[in-house]
2 protein chains.
Amino acid sequence: MPKRYEQYCPMAHALDLVGDRWALLVIRELMHGAKRYTDLVDRLPGIGTNILATRLRDLEGNGIVARRVLPPPAASKVYELTDYGRGLRPAMRELALWGARSLGPPSVQEELFDGWLGNAMDTVIASLAPPGRFEFRVGNEVASLVDGEVVDGPIDDPQVVVEGDAQGIYSLFVDRCLDLVTVTGDHDLLAQLLDVAPPRIEQPVQA
Amino acid sequence: MPKRYEQYCPMAHALDLVGDRWALLVIRELMHGAKRYTDLVDRLPGIGTNILATRLRDLEGNGIVARRVLPPPAASKVYELTDYGRGLRPAMRELALWGARSLGPPSVQEELFDGWLGNAMDTVIASLAPPGRFEFRVGNEVASLVDGEVVDGPIDDPQVVVEGDAQGIYSLFVDRCLDLVTVTGDHDLLAQLLDVAPPRIEQPVQA
DNA sequence: CCGCATCCCCAAAGATACTG
DNA sequence: CAGTATCTTTGGGGATGCGG
């Protein structure tokens, strides 16, 4: 990983560790728990296997990721974050929050990869969410929010269930527009959640 | 800037905007105020003028940086952050804080560029610092901390003055070791500051 | 299958020279 | 001073191969 900024600066040092292309996205995946090599390949469309191997090696060398061999009968290798790696969570949350403010609705080109819904919810609203049991259904994705924690899949006794497509969920959180989704249950609780969602920012687009 | 992760994810989007090499360091410089092109070149050792030009163009196109022509008689161009760009501060602070935990003492290779002291203090302790007037003198660098705000250069009526080399400042904040620096003034206040400094993390180093 | 290593090709980064 | 032009070098994307 011959990529050094050669500046005595904590930011430059952090970027030396996780500033490489794909590195933070690999870490994002591992934030949800240990994953196998091929799982990572699947959830990082376009990464290229050599790049992933290199990133994992570098991250391991820098004490951010650990490689572990599952006990038999699985006998497969998994990658997981070290404590130091997990320490990136606040930084990544802030960065994602910032990014979310200029993130438009999903386009067709953009891959709605498996788990995107839980992922987006985790980074954007989980930390701010009021206590409660929310369930969101978008296409074949189901993600839930239980007292500020994201849970993949449906939950028991949800207080609110929101159903719609990606477009609808987007306009729900960004424009507070309820027209494109179907809401079942406690509308007031959902309103509380929308209250804390980060506001969008209008950004100029390059000609 | 053909660098798209093509994933509908706020993190991936953020990295599309500021994930390019040097981008966050350019923004770090602009966090301290508007700067001219050559000032940026000076403070980003090794960047290459074409890269800087490209980054500034991309950042401007994405609404993160704005180009402004100074009023006469200066008549020079400066770059400054937009509101959206300034919104990166929390994310950068968290990232730098994380990086600082594994940042060792400065090595000879690493350039102690102009302003490194104020830079490091700003990212690492400014947000946590107790009220008070601190002054730090390291070589020809002088940076101060006034009620949690970093000020370049000396200040009037400092309550504490710390003097030493980079090594000494490092062991002061990381190891709470006072042996390599000279402290004048309110030792208790300095102790308060050291209390809130982020702890270092031992990380394995690659063979 | 899973976990990579290798190879080829191209796009981006580094270095430096040069110009309005 | 503020970049562009040019050239070289490095790293990434994509396919394929291959041992366990």
Side-chain angles (χ1 to χ4, degrees), chain A residues 1-7 12 15-26 29-30 34-61 65-80 109-111 113, chain B residues 1-7 12 15-26 29-30 34-62 65-80 109 111 206:
Chain A
M1 40 147 194
K3 198 206 95 174
R4 321 225 92 250
Y5 284 113
E6 308 207 344
Q7 266 197 171
L15 292 174
D16 277 338
L17 296 178
V18 297
D20 277 326
R21 191 150 154 71
W22 291 107
L24 280 177
L25 293 183
V26 171
E29 288 307 315
L30 296 179
K35 294 240 177 343
R36 289 176 309 173
Y37 188 87
T38 36
D39 294 336
L40 290 171
V41 172
D42 290 344
R43 296 179 62 100
L44 297 168
I47 191 178
T49 62
N50 51 345
I51 304 295
L52 178 57
T54 306
R55 290 294 168 272
L56 287 171
R57 213 177 312 126
D58 291 346
L59 290 171
E60 190 187 2
V65 159
R67 185 183 316 233
R68 186 161 54 92
V69 178
L70 290 183
S76 177
K77 283 172 254 181
V78 291
Y79 296 89
E80 59 190 352
Q109 300 93 303
E110 278 165 325
E111 183 139 0
F113 64 107
Chain B
M1 43 151 191
K3 198 204 95 174
R4 321 222 94 249
Y5 284 113
E6 308 209 344
Q7 267 196 171
L15 292 175
D16 276 337
L17 296 177
V18 297
D20 277 327
R21 192 153 155 71
W22 292 106
L24 279 177
L25 294 184
V26 170
E29 288 307 316
L30 296 180
K35 295 245 179 333
R36 288 176 308 173
Y37 188 87
T38 36
D39 294 336
L40 290 170
V41 172
D42 290 345
R43 297 179 61 102
L44 296 168
I47 191 179
T49 60
N50 49 348
I51 304 295
L52 178 58
T54 305
R55 289 294 168 273
L56 288 171
R57 215 176 313 141
D58 290 347
L59 290 171
E60 190 187 1
N62 288 320
V65 160
R67 186 183 312 233
R68 186 161 54 92
V69 178
L70 291 182
S76 177
K77 283 172 256 184
V78 290
Y79 295 89
E80 59 190 351
Q109 298 94 301
E111 183 139 359
Q206 194 166 29

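In what follows, every chain begins at residue 1, and chains take the letters A, B, ... in the order their sequences are listed. These figures come from a predicted structure and were not determined experimentally.
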*What one-letter contact string describes nucleotides 13-20 of chain D from 5' to 3', where B marks a base within less than 4.0 Å of any protein heavy atom, S marks contact via sugar-phosphate atoms alone, and - marks no contact?*
BBB-----

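Taking five base pairs at each end of the helix from C:dC1-D:dG20 to C:dG20-D:dC1 and finding the rotation axis that steps the C1' atoms of four pairs onto the next four gives two axes whose angle is 30°, to the nearest 10°.
No donor-acceptor pair closer than 3.5 Å links the side chain of B:Arg67 to the backbone N or O of B:Arg57.
Out of C:dC2, C:dA5, D:dA2, the shortest distance to the side chain of A:Ser76 is found at C:dC2. For B:Asp20, the side-chain atoms get nearest to C:dA13 when compared with the rest of C:dG3, C:dA13, D:dC1.
C:dA13 atom C1' lies 15 Å from atom CG of B:Leu44, rounded to whole Å. One atom, CG of A:Leu59, and another, C1' of C:dC4, lie 16 Å apart when rounded to the nearest Å. As a whole-Å value, the separation of B:Arg43 CZ from D:dC1 C1' is 18 Å. Separating the CZ atom of A:Arg36 from the P atom of C:dC1 is a distance of 12 Å, rounded to the nearest angstrom. Note: CG (A:Leu25) to P (D:dG12) measures 14 Å, nearest angstrom.
Residues satisfying the side-chain hydrogen bond (donor to acceptor under 3.5 Å, both in side chains) criterion with A:Arg68, sequence neighbours excluded, are A:Glu80. Checked against side-chain hydrogen bond (donor to acceptor under 3.5 Å, both in side chains), B:Tyr37 has no partners two or more places apart in sequence or in another chain. Here B:Ile47 pairs with B:Trp22, B:Val26, B:Leu44, B:Ile51, B:Leu52 under the side-chain contact (heavy atoms from CB on, under 4.5 Å) rule; sequence neighbours left out. For B:Arg36, the side-chain hydrogen bond (donor to acceptor under 3.5 Å, both in side chains) partners at least two apart in sequence or on another chain are B:Asp39. Applying the side-chain contact (heavy atoms from CB on, under 4.5 Å) criterion to A:Asn50, with sequence neighbours excluded, gives no partner residue.
When the side-chain nitrogen and oxygen atoms of A:Arg55 are compared with OP1 and OP2 of D:dG12, one or more of them lie within a distance under 4.0 Å.
With respect to A:Glu29 and A:Arg43, a salt bridge is recorded, a charged nitrogen being found less than 4.0 Å from a carboxylate O.
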*asked:* Run B:Leu40 and B:Leu56 through side chain to side chain contact (heavy atoms under 4.5 Å, CB included) and show every step you take.
replied: CA-CA 10 Å; B:Leu40 290 170; B:Leu56 288 171; 4.2 Å; yes

